[in-house]
Every structure is written in structure tokens, then in C-alpha cells.
Amino acid sequence: MGCPAPGLIRHGSGSADFALIGHSDSWASSVAVMQALRGTGPRPLSDADVREILPWIPPRTVCRVLVRSQLGTEARGVYIDSFISPDQLEPPFHHANVRRIREAADCAVREGASIATLGGFSSILLEGRVELLPPDCGTVFTTGNTLTVAYIVHGVAEAARLSGRSLSDLTLLIVGATGDVGSGCGRYLAPRVKRLLICARNPARLTRELESLRHHDPQARAATEVAELLPEADVIICAASLPSSSLDLSRTGREAIVCDAGYPRNVRFGGEETDRMVFSGGMGQVKAGIRLEPNLSQSLSPHPFPNIAYGCLLEGMLLALEKRFESFSRGRGHITVEKVDEIWDLAQKHGFDLAPFFYGERPWDEAFVGSTRQVLS
Amino acid sequence: MPYTAVADCELSPEECGVYADILSQAVTGELVGMQNFAVLVGLYDDIDEKIEALEHAEIEKRHAVTFRSLARDLGVTAIADLDAPYWRRIHEAFLRRAAKRDLTACMLIQELMLESFAVSMYGRIGATAPGRLGRTFAGIAAEETEHLDHAVELLGRDFARDPEGLESKVAAVHDEVMTVLAEMVAREDPAGHCGLCREACVKGSLGRVNLDIVRLRGEALNLYMRSLDRIGLAGEKTLQWVARLPV
């Protein structure tokens with residue numbers, strides 16, 4: 001029981017259209033959220049304070065969300081934090097984390113949300129099995145992964161274009177290629193790139209994935225060690241389910257395009273990322289705006305551009321605007337080219353654009369793109 | 001140093017010392033509860049409610065007596081001091097609300113906030129303390145759970161009738177009373193010595209009996225927040241309240 005009993009609570013104009021279930025990916029982010037809620041009066045919270053408090057907070061609504069379409073319509077929802085500790089995403093904490101996701105899902109039901117989407121590790125923990133969440137309760141669940149894939153595939157295509165190249169001339173490496181997002185990217189991009197390389201930890205799954213992709217690309221290659229494939233890659237999509245940023249890409253070439261679509265971020269650099277074409281992938285920007293109450297935008301979405309959100313969360317908002325309350329994304333391996341195109345079209349319709357390129361706090365400005373093109377030429 | 005037998009277990013002098021301080025807090029807290037319920041007897045107009053408040057006062061008294069007898073078995077004295085600074089502030093907050101005949105606020109203080117902490121902490125001590133000591137804490141935690149559940153049910157009805165009214169009342173009482181409780185369970189006493197520990201603050205010694213203040217505080221706040229959830233209060237509001245508490 002994390003939320004009020006049904007019928008007792010209806011804030012604002014009534015039931016929520018959507019619920020976004022998420023969690024912080026770092027202690028710094030958790031501290032920022034808790035400090036924003038604490039305000040400026042009491043002594044500021046330290047990292048140690050938040051590490052002591054956060055694990056005891058039951059999953060709950062953290063803020064109300066209003067999202068606007070460029071068509072003039074709007075949808076109302078809630079952001080529910082499962083308060084999974086950022087350093088407890090590993091397997092030993094699996095059961096406790098799944099319990100928290102289920103409690104967060106109960107919150108979504110009690111908020112009266114017509115659709116709820118699973119951000120970050122939430123869908124990974126459930127392996128996309130939304131059927132594990134409360135059934136027949138008026139709330140449908142979607143992993144949100146299809147829109148994430150759409151933003152990734154369009155993102156790498158756009159990054160290639162900016163660098164003066166075309167995807168069809170480039171070799172693509174997908175790290176985390178057997179996951180829902182990674183495999184979706186593989187199916188979509190296999191016919192569109194020169195050559196496909198895939199990497200994942202589980203050899204059996206990797207072999208199956210390679211077989212399924214070979215009819216698009218007979219030259220496709222797979223390896224469980226990313227280092228084996230890195231030298232050949234022009235474009236790298238990182239979509240592995242890593243509990244921390246541990247993928248060392250410091251040895252990638254200056255010309256490689258890196259799309260880090262992990263949450264938490266997959267990639268670890270040693271400072272050389274400042275001159276690399278690396279960007280936070282799988283993200284969109286809502287043209288007409290997203291409003292949070294209380295206003296936790298700076299803490300929950302600390303990006304160098306406004307109205308940025310992860311594709312998985314935006315999918316829930318988008319489907320709510322469309323009043324399509326359905327499990328658009330579910331399970332592992334069901335993301336098809338047709339579904340990616342469909343959700344991308346909906347995103348364009350409502351002004352959920354591909355997010356501008358940035359990595360951490362650094363946006364790709366014209367000077368950066370220009371210097372990269374010079375290097376490549 | 002000889003070990004002290006408490007009916008069915010033996011404790012070292014250091015462990016006895018820690019339990020002595022814990023029992024001082026428990027005895028004083030129960031006596032404050034007894035006083036609070038006794039005040040309610042005079043405030044209720046309805047005879048059944050008067051009787052119920054009196055019964056609750058009697059239960060709190062019985063808990064205090066039980067804890068004192070546990071202390072005697074341990075060969076230590078449980079200090080009962082209703083003027084101990086933190087407890088006095090809580091009782092004074094209760095009396096201020098009682099003077100205004102604000103029965104809902106009184107219920108929030110005694111049966112929601114204090115009971116959330118009592119249920120949680122007694123439950124944890126019950127799970128870790130040996131023998132009769134542990135069983136007694138666990139048993140009293142179960143009885144206090146009934147009080148908490150009863151209060152949540154009544155407050156839930158209040159919330160259904162007047163959501164904004166109850167929310168603003170809980171916010172005000174929370175600021176006053178939960179701040180004191182949070183100070184009590186902070187890693188260090190921000191308002192000085194609690195007046196009940198025999199020497200230095202017991203919080204640093206809880207590890208001797210397999211307890212730690214971070215977990216005790218965390219579990220207490222967890223139960224408090226879940227109780228507020230069950231009443232119907234919005235998660236984002238109660239989270240803000242808790243985020244502002246002293247740490």
C-alpha cells in the first residue's frame with residue numbers, strides 16, 4: 001500500500017490521464033529532488049543525509065504533470081517515483097525493486113491513471129512483462145520503449161547527417177542488442193546501415209538475435225566483448241541494462257558517433273568525450289511544453305534544454321494525448337519497424353520532437369559540429 | 001562483570017545500559033500518551049468516547065508499568081520524566097490543541113504521529129531484543145497498531161468529508177510535532193540532551209543491541225508516510241513535509 005484507497009483522492013480536475021513511473025539514476029539527482037522539495041529554509045541536505053532517508057520513502061506521487069500538444073490539446077498526469085536507490089539496481093536487490101515497482105503501479109491505479117509508463121529500470125526489472133502489474137484495474141501499462149527506439153534511430157540518422165555522412169555508409173554497433181530497446185533498434189536499422197555489429201552479455205540470446213538479423217544483413221557479426229567490435233564501428237548505440245556507467249568507450253575513434261541511451265547512462269569517458277560525437281539518446285523535446293507542480297523540472301530533468309524527457313516517459317504522455325489507452329509497448333522483442341514508425345508519426349503530430357543533441361551539460365553547438373565535420377573531411 | 005538474567009535470556013552490562021535508556025524513552029512516551037488520553041476524557045461530550053479515551057489512557061499506563069517492570073528485571077531504572085525536553089514539547093503541543101478543543105489535531109498527534117513511531121520502533125526492538133524483552137516490545141507494538149489503524153480509519157473519513165481542511169491541519173500539526181520527533185531520532189540531538197539517557201546519548205550505542213538509529217528513523221518515517229497515504233493525503237504533499245524535517 002503506497003497510495004490512498006480508490007475513491008478517496010482525486011486532485012485537480014479528477015483522475016490522471018497518465019502516470020510516469022520512474023526513479024533517480026544517481027545520488028546527485030536524488031539529492032537535487034529532495035533538496036528542491038525541502039526548500040531553502042532548513043539546513044541543506046547532504047549526500048549522506050539523502051542516502052539515509054531515500055531507501056525508506058514508500059513509492060509515491062512526487063509531482064503533477066501537465067503536457068501540451070502543439071495541436072492545443074493537453075493531458076494531465078503524475079510522476080510517481082519508486083524511490084529505488086540509485087546504487088541498488090543490481091540483481092541482489094531485484095525482488096525488493098520489483099516490489100517497489102508494483103507499489104508504484106498501485107499508486108498509478110489509485111491516481112486513476114488511464115495509462116502508466118515505466119521509466120528507466122522499471123521496465124527492465126519486469127523484463128517488460130506489464131502483465132505482472134495490477135490487472136483489470138482501469139490502468140494499462142506500457143514500457144514506453146517503442147518511442148525510445150524511435151528517438152534513438154532518428155537520432156543516430158540525424159547525427160550522421162550533421163557529420164556529413166549517411167547511415168547507409170556506416171557500420172553500426174549496438175551494445176545491449178538483445179534487450180527490448182537494443183533489439184528494436186537492430187530490427188529497425190539493420191536494413192538501413194552498411195553493416196551491423198551486435199554485442200550483449202548472454203551468448204545464447206546473442207546468437208538468436210544475430211540469426212534473426214542476418215536476413216537483413218548477412219555480414220552481421222556478434223560478440224560478447226564490446227572491445228572486439230569497437231574498432232569497426234562508425235556509430236555506436238549503447239542500450240545495455242547497466243546499473244552504472246561502466247562501458248569504457250575512451251578508445252573509440254574521434255569520428256565515431258556514440259548514442260548513449262542507457263538509464264543510468266552506459267558510457268564512461270575519461271574526459272575525452274568533450275571532442276567526441278557522443279549524445280544522450282532516446283530523448284524527446286515537447287515543443288508546447290511540460291509543466292510540473294511542484295516545479296521539479298531542474299531536478300528531474302537537468303538537461304541543457306527545456307522540456308526534455310526520456311522517450312519511455314513521453315510515450316505515456318503521447319498515448320494519453322491520443323486517448324489511446326493501450327499497452328503499446330510490452331514484453332521483450334516486440335518492437336517492430338511499423339510500430340516505431342507509427343509512434344514517431346504521433347510524436348511529430350503532437351510536437352514531441354527529437355531532443356537537441358547534448359551529453360551531460362554540454363550541448364552540441366554549431367562550432368562543435370563544424371569542427372567535427374572538419375576532422376572527418 | 002556478571003550477566004543479568006531477564007527471565008529467559010542473559011544480557012551484558014553494556015546491553016543492559018542500552019536497554020535502560022530505551023526503556024526510559026518507552027516509559028516516558030507511554031506516560032505522555034496516558035496523559036494525552038486523560039485530557040481527551042474531559043474534552044469529549046459523548047459518554048462512549050469518554051469511556052474509550054479513558055480505556056486508552058489505561059492501556060498506555062499499563063504499557064508504562066510493563067516497561068518499568070522489564071527495567072527492574074534488568075536491574076536498571078527506567079527514568080520517567082514528563083519534563084524531558086522533547087517529550088514536554090510534544091505534550092505541550094497536544095495541550096495547545098486540546099485547549100482549542102481541536103480533537104482531530106489531538107488524534108493526529110497522539111494516535112497517528114506518536115503511534116506511528118511507537119509501532120515501528122517497538123516492532124524493530126521486538127524483532128531484535130532477546131526473550132521476554134523482545135516479546136514484550138512486539139506485543140505492545142501489536143496493541144499500538146490497533147490504535148494506529150483505528151485513527152487512520154477515522155481520519156480517512158474526515159479526509160473524505162473535507163480534504164483541504166484535513167490536509168492543512170495535518171500540515172500544521174506535522175510542522176509542530178513531527179519536527180520534535182525527527183529531532184529525537186536525528187543522528188545527533190540538535191536540541192541537546194534528551195534528559196532521559198543516563199549518560200551520553202544512547203543513539204551511538206544502539207549497535208550493541210543490533211539496532212541503529214538510521215533504520216529506526218527510516219522505518220518510523222516509512223510507517224508515518226504510509227499511514228498518511230492510507231488516510232488519503234497526496235503523496236507529493238506528504239513527501240514535501242517529510243523532506244523538510246530535521247535530519
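To find a chain, count down the sequence lines: A is the first, B the second, and so on, and within it residues start at 1. Atom set for the values below is all heavy atoms of this structure, side chains included, hydrogens, waters and symmetry mates excluded.
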> Does any heavy atom of chain A fall under 4.5 Å from the side chain of Leu223(B), the backbone, both, or neither of them?
Replying inline: neither
> Quick one: of Leu37(A), Ile57(A), Asp49(A), Val62(A), who has the most non-hydrogen atom pairs under 4.5 Å with chain B?
Replying inline: Leu37(A)
> Checking heavy atoms, do the side chain of Leu45(A), its backbone, both or neither come under 4.5 Å from chain B?
Replying inline: side chain
>> Under a 3.5 Å distance rule, please check whether Arg60(A) uses its side chain to pair with a backbone N or O of Ala234(B) as donor and acceptor.
In response: no
> Which pair of non-hydrogen atoms, one from Val214(B) and one from Trp56(A), has the smallest distance, and what is that distance?
Replying inline: O-NE1, 4.0 Å
>> Quick check: closest heavy atoms across Glu236(B) and Cys63(A), and the distance to 0.1 Å?
In response: CB-N, 4.1 Å
> Of the non-hydrogen atoms in Arg244(B) and Arg38(A), which two are nearest, and what is the gap between them?
Replying inline: CG-O, 3.3 Å
>> What's the separation between atom CZ in Phe83(A) and atom CG in Leu239(B), rounded to the nearest 0.5 Å?
In response: 4.5 Å
> More than 12 heavy atoms of other residues, nucleotides or ligands under 6.0 Å from CZ of Arg291(A): is that the case?
Replying inline: no
>> Atom CZ of residue position Arg198(B) - does it have more than 12 heavy atoms of other residues, nucleotides or ligands inside 6.0 Å?
In response: yes
> Pro294(A) versus chain B, heavy atoms under 4.5 Å apart: side chain, backbone, both or neither?
Replying inline: side chain
> Are there more than 12 heavy atoms of other residues, nucleotides or ligands under 6.0 Å from atom CD of Glu49(B)?
Replying inline: yes
> Between atom CD1 of Ile213(B) and atom CD of Glu52(A), what is the distance when rounded to the nearest 0.5 Å?
Replying inline: 10.5 Å
>> Report which part of Arg215(B) has an atom under 4.5 Å of a heavy atom belonging to chain A: side chain, backbone, both, or neither.
In response: both
